[in-house]
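Everything below concerns the one structure shown next.
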There are 2 protein chains.
Amino acid sequence: MAASFGVETPITNADKTFVQLRDDIVEGIIPSGSKLSETELSTKYQVSRAVIREAINRLATCHLVERKANVGARVVGLSAEGLVQLYQVREALEGMAARLAAKHMSDEEISSLKALLDSHFDTVKSGENYYQEAGDVDFHYRIVQGSKNAHLISVLIDGLYHLVRMYRVQFGMAGPRVSTAFDEHKHVVYAIANRDEELAEMLMRRHILYSKTNIEKKLNKDL
Amino acid sequence: MAASFGVETPITNADKTFVQLRDDIVEGIIPSGSKLSETELSTKYQVSRAVIREAINRLATCHLVERKANVGARVVGLSAEGLVQLYQVREALEGMAARLAAKHMSDEEISSLKALLDSHFDTVKSGENYYQEAGDVDFHYRIVQGSKNAHLISVLIDGLYHLVRMYRVQFGMAGPRVSTAFDEHKHVVYAIANRDEELAEMLMRRHILYSKTNIEKKLNKDL
DNA sequence: TACCACTATATTGTCGACACATTATTTACA
DNA sequence: TGTAAATAATGTGTCGACAATATAGTGGTA
């Protein structure tokens, strides 16, 4: 798994507590919609309230919790509507990321990306779900990093991707569509390798759009 | 001026200090690139360090300052490169916002937007620079709000727009291009009124792209 | 019984002090 | 005299206590 950007390696206690809380929220150990009591968490995680407060503030930055003045923080609620909105933003941002990646990625980065896709292909054949998921994550990470745009990188990697993971985990999406998604990835890389910015953006947007409709279908089936 | 979203009305001291610091940074009263000393600011603004720390954390959320563990926070540096990257993200996000606005804005909101444009037109004729700028800001705000997408709204209004303003103020951009920009605004609204999502997005993207190249030209002239 | 005012409790906001890390300065040695 | 280790000074990280605010519970009245 590629490292997150903002906190490469946790240094302070607030860093560590932030990462721990974040993972617990994403994994659903701290249930979505639940209230985060500062005093409670400070005893639970064995740190002072100040540290918890700072961690919670950073969670708010990733849109994983919402704070209200003089009231407290709640873990964000998951909904079909929220998922749709999340994917709309992903479509816009990752589309642009693909466009910029086609412009700015070095030849070495591109061939490395191709290699990643090849290894991904082997796991697709052998049908290991876990690594398929990891492969997908890695693919999107690399494109975003390849954009060389600091805003894109921080908004997506430090922010939205954690929410995406949270939806994946808690709505239980390992899903099929792996082989189709793999083909889409291949086409995106092809466009990037050809330095075709326009096509790279369009293909990435479609790829995310298809994921969205696919997820929506699964959700409706569950309801 | 439309109110910012996250802190509609400042409640706590941290809120007020955040807003004050933010404005001072945007206006250049606190120079870009300078170091923010917590102890210094706490005496200057007459609040405890804890309040300053929280304010600085929120500034980091808006990408107005950058923090390093055990070192401190610096006001973000402005550069031509940074401006380009900022406008790339704007293009992606506001393009999507226009698309969604075409889908989700109510008829009332649309006619209100038209009215805004008409009043804007009068000030364009009378040639008042200040209100032209305000009109532009209002226009973009409304589109973003019209998207009804919480992520778009928070990333743009709570985050990037402050940086945009900072560049405008400190690079001194009141500029011409007002009448041309006004025409572009008109066309976007036209597309939204026709519920043409595709066109709305494309026109908004072009509008921002033109602004970018225009600003780049001015910058190169200055250097 | 329903509704409002008041009280009591719990939680967040703020503060000042201390612990620790980083940086600048001084001192010792080759 | 130049470099490096040791030390001092500054600033951030963390803590526990107090103040201010919101919430829950109680009692009273129409």
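In what follows, every chain begins at residue 1, and chains take the letters A, B, ... in the order their sequences are listed. Atoms considered below: every heavy atom in the structure, side chains included; atoms not considered: hydrogens, waters and symmetry mates.
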Taking every non-hydrogen atom, the tightest pair across Asp24(A) and Tyr45(A):
OD2-OH, 2.7 Å
Specify the separation, in whole Å, of atom CD of Glu54(B) and atom C1' of dC15(C).
13 Å
Specify the separation, in whole Å, of atom CZ of Arg49(A) and atom C1' of dA19(D).
12 Å
Whole angstrom is fine here: how far is it from CG in Asn70(B) over to C1' in dT10(D)?
13 Å
Return no unless some side-chain N or O of Asn13(A) is found under 4.0 Å from OP1 or OP2 of dT14(D).
yes
Once you round it to whole Å, what is the distance between P of dT22(C) and CD1 of Ile11(A)?
8 Å
Taking the side chain of Thr12(A) as its heavy atoms from C-beta onward, which of dT21(D), dT14(D), dC15(C) lies nearest to it?
dT14(D)
Stacked cation flag Arg22(A) on Phe18(A), 6.0 angstrom / 45 deg
yes
By nearest-nucleotide position on DNA chain C, the 5'-leaning member of Gly72(A) and Ala50(A) is Gly72(A)
Respond yes when some side-chain nitrogen or oxygen of Arg53(A) is under 4.0 Å from OP1 or OP2 of dT12(C), and no when none is.
no
How long is the line joining CD1 of Ile56(A) and P of dT12(C), in whole Å?
7 Å
Contact class for Leu41(B) vs. all strands (heavy atom < 4.0 Å): base, sugar-phosphate, or nothing?
nothing
Restricting to non-hydrogen atoms, name the atom on Ala69(B) and the atom on Ile11(A) that form the minimum distance, rounded to 0.1 Å.
CB-CD1, 3.9 Å
Side-chain N,O (Ser48(A)) to OP1/OP2 (dT14(D)) below 4.0 Å
no
Please walk me through it: do Lys212(A) and Glu216(A) pass salt bridge (charged side-chain N to carboxylate O under 4.0 Å, His left out)?
CA-CA 6 Å; Lys212(A) 193 186 78 176; Glu216(A) 282 178 313; 5.0 Å; no
Just how far, in rounded Å, is C1' of dG13(D) from CD of Glu38(B)?
9 Å
Check this one for me: any side-chain N or O of Lys35(B) less than 4.0 Å away from OP1 or OP2 of dT23(C)?
no
Counting side-chain heavy atoms from C-beta on, which of dG13(D), dT11(C), dC15(D) comes nearest to Ala69(B)?
dG13(D)
Nearest-Å distance for atom pair CD1/P, residues Ile52(A) and dG13(D)
16 Å
Where the side chain of Val71(B) is concerned, which of dG13(C), dT23(C), dA21(C) is the nearest nucleotide?
dT23(C)
Give the rounded distance in Å between these two atoms: CZ of Arg74(B) and P of dG11(D).
13 Å
Below the 4.0 Å mark, does dG13(C) have OP1 or OP2 next to a side-chain nitrogen or oxygen of Lys68(A)?
no
Taking atom types as modelled, is there a side-chain donor on Ser211(B) or Arg90(B) under 3.5 Å from an acceptor on the other?
no
